[in-house]
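Here is the naming used below: chain letters follow the sequence lines, and residue numbers restart at 1 for every chain. Heavy atoms only: backbone and side chains are in, while hydrogens, waters and symmetry mates are out. Since the model is a prediction, treat every value here as computed from it, not as a measurement.
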Amino acid sequence: MAVPYDFREIESRWQHRWDTDGLYEVDLERLAATGRKAFTNLAEFPYPSAEGLHVGHVFKWCGLDVIGRLRRMQGEAVFQPIGFDSFGINAENYAMTRGEHPARLIARTRQTFRKQLSSVGIGWDWSRAFATSDSAYYRWTQWIFVKLMRAGLAYQDEAPVTWCPKCLTVLAREQTEDECCERCGTAVTERVLRQWFLRTTRYASRLDAGLATLDWPESAKAKQRNWIGLQPDGSMRLHDWLVSRQRFWGAPIPVIHCDRCGAVPVPENQLPVLLPEVEDPALIRPDQSGKSPLARFDEWVATECPACALPASRETDVLDTFVDSSWYFLRYPSTDIEGEPWSARRTATALPVGFYAGGPEHVTRHHLYARFVTMALYDLGLVPFEEPFPHMRVGGFVRMGGVKISKSKGNVIRPDDAVKTHGGDVVRVGLLFSGRWDADHDYEANGFVGAERFLTRVWKLISRPDSPNSDTDAMGRAVLRVTEQIEALAFNVAIARVMEFVGELEKAGADRAAKRTLVLLLAPFAPYLAEELWSQLGGAFSVHTQPWPSVHDETRRRLASADIEVAVQIDGRTRARVTMAGGLTPEEMERAVLASPAVADALDGKRPSRVVTVRDRLVNLVTTVQ
RNA sequence: GCGCCCGUAGCUCAAGCGGUCAGAGCACCGGUCUUAAAAACCGGAUGGUACGGGUUCGAAUCCCGUCGGGCGUACCA
C-alpha cells in the first residue's frame, strides 16, 4: 500500500463527526440577532441526473469548497447551501425511457448525489437542501409568476416558436444550437402556438447598465452585453423569455382561463397548484398535439374562475426549469419558513451571494434570468438588492483529450472509482492540482498518484518526532504564498506552494509550530487528513474552525529586508550572483556588484559602457556599444 | 465571417504589468534494499517556450504575421 494510513477509516470517522456536530450548518437567526452577515458561498445547483456526478462537477465544487474553508478560517460565518434542480425535460425524458415516474427517479437520484457529494468532503449545509420539484418550493415559483403577471411582466402571445419534434415541446431560442434541439440534437421545426413569455426586454437597458457594478470576469460581462445587444449596430437582440413548456414535469403555470375574465392568475392563497397525482407513467407521456399531458386530466383542468366563479379551466403548460433556478438562492436561507418565500431578516443576513462559482454555459441564460427576476422583485419591493451575484467567477471546464467533458460528448469520467481506491482527499488534491480553477484544462488521471504520494509525505512528516526548532522565515513565506494563490483561485499553484513547504520541512526539520502551520495550510485541500493530523497534534476540534495562520509583522519585515541574491548580467546574460542587503539604491547595488571578484573575473577586463539595475533583482553591465 | 481565450519537458500544469542560463507533479533513467520484482528511499530536468519577423541592455512574457486548438456569436442554406 502506498498510503500508510487508513483513509477509509479516517474519512468516514470525520465525516460522521462533522455531520453529527453540524460543522457546516450556520444559525442564521443567531447571526441576525448579533447583526453579523453570513458569507454565502454558492455553487450553481445541479440537475440530479441518474448517472451522478462527473469529475467536472467535482473539480468545480472542490474549488468552491476551498474558498469556503479559507473564509471560515479567516473568521467568516460561511453559509454553503446545496440543492437540486430536479424539474425539467432531462429528468422527464430519462424517466420515460425507463417507464418510470420522474418523481420516483428524482427521489432516488437525490440520494446518489448526496452520497457522492459527501464523499469528497465538501462542506455543504445539508440542513437547507431542497429540490425544485418539492411542492414547498414550486409553490413559491408559482407565487413569483403571479407577482410578475400582476406587474405586467408575464403575458401570453401567439407566435411562431421553435418546436422539438422529439422532446414534443417548444424551446426557447437559446435552447437550440444550429437549428437543432440542444438536448437531443433533433432538427427543430417552427410552429405557431399560444405561449407564455416574461418581459425581459423591458429590463434590457438596466440589465446592461447593471453589469458595470458587478465584480465579474470581463469576458462574462462582455458575453451578456453582447447578448443583450444594446450596441449601436441595432437587432435588440434580447427577446422576451419563452417560459411555457408542453410537458408534465414542471411547475404548472398558475393561471385559470375564463371565457368571461380571460387569463386570471391563481390567487396566492390557493397556491400551490399541485401536479395531478398519476401512478402510471404512460399517462404523462407528451404527444404531437402541442398540448401538455396535463390537458388530459379533465378533473384537474376543470375549476372555477377566481374572479367570477363561473366554470373555467386551468392552464396546462408548465414552467421551464430556468424559471425554477432563477430564484433558488433566495430560498436557501429560509427553507424552514412556510408562510412566505423568504424572510426579510434571513435575506438581509445571507444575501446577496458572497461568492458565486458560475459555469460558462450559464452566462447568457441562468445568470441573466436570475438578474432579471431579482430586478423585477426589487422593483416590487420584495428583495432589498437588484443584483443577486455581485461577486462571480466562472470556472473552466475539464477536457478529455481536448474535448469538454459532457454527457452529450459521451466522454464522461466519474469520480467514484478514484474515491474508492484513493479516498476523497486524494481526489480533491489530484483534481485541484490539475489546473487553474478558472481556466479550461485537461483531465489527468495520473494526478491521483502524485496527490497520494504528497499526502503520504505529509503524514510521515507529521509522524516524525518534533525538531527543537524550525525555519520561521520559510513558514511565513509559505503562509503568504499559499494564501495569495488561494485568493487568486490558483489552487494548483497553492498546492505546489504547500509541496515546497513540505520539502523544506523535510530537509530542515519541523517543530510543533511548523507542523501545525502545515496542517492548517493543508486543511482547505485535504479536509479529512488535516482534521486527523490536527487532532494527533493535540489541536482542538475542528481544524476547520481554527484561525488561518497569520504572519507576524516582524517576520514580514524580516522577509522584506533580508539579504538577497542579485543576478549580475553581462550584456543580458547572467554571469554571477552577489549577495547584498535588500532595498539598496541603484548606485549602491552597482558598487556592491563591481566590488565582487567574481564579477571582475566575468568582465575579463571589459569595461561596462552602461549599467541597468532592477531593484533587489539584478544589475546588467552592458559592454557592447550600440 | 466577426469577437474573446490559448499554444511552455512524453503528459498535466507553473513562471507572464520584460529581469537571476525556464520550474513542479506524473512518466522516464540510474542507485540503495531484495533471490527477484513491487513498494519505499536517494539521485537525475530530459524543453529553450507552435513557427517567422520586430522592439529592447535583456523577450516564454510586448508588437506584427502565419499555423494549430477552444469558446461565443452572426449569416447563408
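Between B/A24 and B/G44, the distance separating the two P atoms is 11 Å to the nearest Å. Across the C1' atoms, B/U73 and B/G58 are found 41 Å apart, a figure rounded to whole Å. Between B/C21 and B/C13, the distance separating the two C1' atoms is 23 Å to the nearest Å. Going from the C1' atom of B/U8 to that of B/G16 covers 11 Å, rounded to whole Å. Spacing between B/A15 and B/C6 at atom P, rounded to whole Å, works out to 12 Å. As rounded to the nearest Å, B/G48 and B/U61 have P atoms that lie 15 Å from one another. Using atom C1' as the reference point in both B/G52 and B/C57, the two lie 24 Å apart (nearest Å). Using atom C1' as the reference point in both B/G7 and B/C51, the two lie 11 Å apart (nearest Å).
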What verdict does the side-chain contact (heavy atoms from CB on, under 4.5 Å) test give for A/Phe525 and A/Ile486, after you've listed the backbone C-alpha separation in whole Å, the side-chain angles of each residue and the deciding distance to 0.1 Å? CA-CA 10 Å; A/Phe525 304 104; A/Ile486 294 178; 3.7 Å; yes
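In A/Arg464, the CZ atom is crowded: over 12 heavy atoms of neighbouring residues, nucleotides or ligands sit closer than 6.0 Å.
The side chain of A/Arg617 contributes an N or O atom lying less than 4.0 Å from OP1 or OP2 of B/U20. Taking only side-chain nitrogens and oxygens, A/Arg615 never comes nearer than 4.0 Å to OP1 or OP2 of B/G19. For A/Arg573, no side-chain nitrogen or oxygen approaches OP1 or OP2 of B/G58 to under 4.0 Å. Remark: A/Asn226 is not in phosphate contact with B/G72, judged by side-chain N or O atoms under 4.0 Å from OP1 or OP2.
In this structure, A/His422 places its NE2 atom 13 Å from P of B/C26, rounding to the nearest Å. The distance between atom CZ of A/Arg575 and atom P of B/G58, rounded to the nearest whole Å, is 14 Å. When the P atom of B/G72 is taken as reference, atom CD1 of A/Ile228 falls 18 Å away, rounded to whole Å. The distance from atom CD1 of A/Ile570 to atom P of B/U20 is 16 Å, rounded to the nearest whole Å. Straight-line distance from the CG atom of A/Asn620 to the P atom of B/A59: 10 Å, rounded to whole Å. For the pair A/Lys221 NZ and B/G3 C1', the computed distance is 18 Å after rounding to whole Å. For A/Asn492 and B/C26, the CG to P distance is 16 Å, given to the nearest whole Å. Note: CG (A/Leu432) to C1' (B/U12) measures 14 Å, nearest angstrom.
With B/C13, B/A40, B/G19 as the candidates, the nucleotide lying closest to the side chain of A/Leu618 is B/G19. Closest approach to the A/Val612 side chain among B/G19, B/A14, B/G25 is made by B/G19 (side chain taken as heavy atoms from C-beta onward). Distance from the side chain of A/Val614 is smallest to B/G19 among B/A14, B/G19, B/C41. Closest to the side chain of A/Arg610, from the set B/U12, B/U20, B/C57, is B/C57. Comparing atom distances between the A/Thr364 side chain and each of B/A40, B/A14, B/U73 picks out B/U73 as nearest. Distance from the side chain of A/Lys223 is smallest for B/C71 among the nucleotides B/C71, B/A40, B/C26. Looking at the side chain of A/Phe433, the nearest of the listed nucleotides B/A24, B/A40, B/U73 is B/A24. Counting only heavy atoms from C-beta on, A/Arg577 has its side chain closest to B/U20 among B/A27, B/U20, B/U73. Among the nucleotides B/A27, B/G19, B/C57, the one closest to the side chain of A/Val449 is B/A27.
Taking the six-membered ring for Trp and the full ring otherwise, A/Trp241 and A/Phe197 have centroids separated by 6.0 Å or more. Checked against the 6.0 Å centroid threshold, A/Tyr328 and A/Phe45 count as a close aromatic pair.
Residue A/Tyr369 is tested with A/Trp227, A/Phe322, A/Phe389 for a ring pair (Phe, Tyr, Trp, His ring centres under 6.0 Å); the sole match is A/Phe322.
With the nearest nucleotide of RNA chain B identified for both A/Gly435 and A/Ala496, A/Gly435 has the one nearer the 5' end. Both A/Ser219 and A/Ala567 sit near RNA chain B, but only A/Ser219 has its closest nucleotide nearer the 5' end.
Side-chain N/O atoms of A/His367 and A/Gln224 include no donor and acceptor closer than 3.5 Å.
Shown here, B/G1 forms a base pair with B/U73; the pair counts as Watson-Crick or G-U wobble because both key distances fall under 3.5 Å. When both distances must be under 3.5 Å, the Watson-Crick or G-U wobble mate of B/G25 is B/C11. Across all strands shown, the partner of B/A40 is B/U32, judged by Watson-Crick or G-U wobble contacts whose two distances both fall under 3.5 Å. When both distances must be under 3.5 Å, the Watson-Crick or G-U wobble mate of B/G68 is B/C6.
A/Thr574 comes within 4.0 angstrom of the backbone, heavy atoms only, and of no base. Contacts of A/Gln569 with the nucleic acid, taken as non-hydrogen atoms under 4.0 Å apart, include base atoms. Residue contacts shown for A/Arg436 are limited to sugar-phosphate atoms, with no base heavy atom under 4.0 Å away.
Classification of A/Asp320 and A/Arg245 as a salt-bridged pair holds, one side-chain N sitting under 4.0 Å from a carboxylate O.
The closest side-chain heavy-atom distance from A/Val429 to A/Ile495 is below 4.5 Å.
In textbook terms, a nucleotide whose glycosidic angle is within 90° of 0 is syn, and B/G48 is one such case.
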